[in-house]
Amino acid sequence: RNSRRSCTHNHRRGGNPLTITYDMPAADYHKIEALSASGAKMLLRSAAHYIASKQEQREPSAAMQLGTLVHSMVLEPDTVGRLYAAAPKFDRRTTEGKARAAEFEAASGGKTVVDMDTFQKAQRMADAVRQHPVASKLFVGGHAEVTLQWEQYGVPCKARLDYWHPDHEIVDLKTAQDASPEGFAKAVGNFRYHIQAAHYLEGVSHSHVTGPFKFVVVESEAPFAVAVYTLSIGSLSAGRMWLPVAADAFRLTQGGAGN
């Protein structure tokens, strides 16, 4: 349970209003029925894939679990002890090991249980970000986990920014196997990061002067290399071109063009 209080502000800058909410629990954000960057990317694959992703609650993969934990450690370190429990190694091949693991999970009080190796790896990755001379400064003086809601292309939209310096820049934290320029360029194409960046910047533009969108990328294996990237204007323009297409597809999934 998130005990923090959400703080909501409404802004307008020459267009549709933008609602900005600080400290909204992630579960509440996911309940908002609106077009997100991840939803846009899924819709551009197909409406069927989007609908299936909404209907099927899939268990997070090991990589996703690691990424979420690193996010918490970097963006909201004060929440880690409340949200996660690091489990010692249990030999789950034995009856005793299975029983001890079950006891640990039952005693965790609803926390997300992660194995100790994953927890310690996430700590090292978070430390690498905090020790990086450029990346470390990007997560200071702004706001973490900021929820935006606005209307665009005739549909409700939403975004959850990893870190935001209003009127300055948006910072997004990524975990990756390869943080090199070549590796990140491949990731932009594979995961359509340019669409995500364009979606976030469009939302912010409804009330604030838009600054750069920066990606902080940390590798998931030693030496846990860290790099900072800013997408080119061309990449952002290419991403922006897909947003009305995704909005049209989203409108159809909500019951037709007339809704």
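Just so you know, residue 1 is the first one in the sequence shown, and it goes up from there. Values in this document were obtained by computation on a predicted structure and should not be read as measured data.
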Q.
Would you say Ser136 and Arg130 are linked by a side-chain donor-acceptor pair, where the criterion is simply a distance under 3.5 Å?
A. no
Quiz prompt | Ser61 side chain to Met64 backbone, donor-acceptor under 3.5 Å | solution = yes
Check your understanding: Do Ile20 and His143 come within less than 4.5 Å of each other through their side chains, counting heavy atoms only?
Key -> no
For residues 225-238, the side chain to side chain donor-acceptor pair (under 3.5 Å) pairs (sequence neighbours left out) are Ser232-Ser235
In this structure, NE2 of His199 is separated from CG of Leu148 (nearest 0.5 Å) by 8.5 Å
Enclosure of Lys54 NZ (heavy-atom neighbours >12, cutoff 6.0 Å) = yes
With a 3.5 Å distance limit and no angle check, can you tell me whether Arg160 reaches the backbone of His30 through a side-chain donor-acceptor pair? no
Here the side chain to side chain donor-acceptor pair (under 3.5 Å) pairs for residues 62-71, sequence neighbours left out, are His71-Asp162
Of all heavy-atom pairs linking Lys41 and Phe191, the shortest is NZ-O, 3.0 Å
Note: with side-chain heavy atoms under 4.5 Å as the link, the other cluster members for Met116 come out as none
So salt bridge (Lys or Arg N to Asp or Glu O under 4.0 Å) across residues 108-124, not counting sequence neighbours, yields Lys89-Asp117, Lys121-Glu221
CD (Gln123) and OG1 (Thr118) are apart, to the nearest 0.5 Å, by 11.5 Å
What donor-acceptor contacts under 3.5 angstrom involve side-chain atoms of residues 42-52, with partners at least two apart or in another chain?
{"residue": "Arg45", "atom": "NE", "partner": "His49", "partner atom": "NE2", "Å": "3.4"}
{"residue": "Ser46", "atom": "OG", "partner": "Ala48", "partner atom": "N", "Å": "3.4"}
{"residue": "Ser46", "atom": "OG", "partner": "His49", "partner atom": "N", "Å": "3.0"}
{"residue": "Ser46", "atom": "OG", "partner": "His49", "partner atom": "ND1", "Å": "2.5"}

Quiz item: Is the backbone of Ile195 close enough, under 3.5 Å, to the side chain of Arg240 for a donor and an acceptor to pair up by distance?
Solution: no
When rounded to the nearest 0.5 Å, the distance separating OG1 of Thr147 from CH2 of Trp164 is 11.5 Å
Q. Do Tyr163 side-chain atoms and Asp172 backbone N/O form a donor-acceptor pair below 3.5 Å?
A. no
The reported gap from CG in Leu138 to CD1 in Ile170 (rounded to nearest 0.5 angstrom) is 12.5 Å
Show me the donor-acceptor pairs, under 3.5 Å and distance only, between side chains in residues 212-219 and residues at least two apart or in other chains.
{"residue": "Lys214", "atom": "NZ", "partner": "Glu169", "partner atom": "OE1", "Å": "3.3"}
{"residue": "Glu219", "atom": "OE2", "partner": "Ala179", "partner atom": "N", "Å": "2.9"}

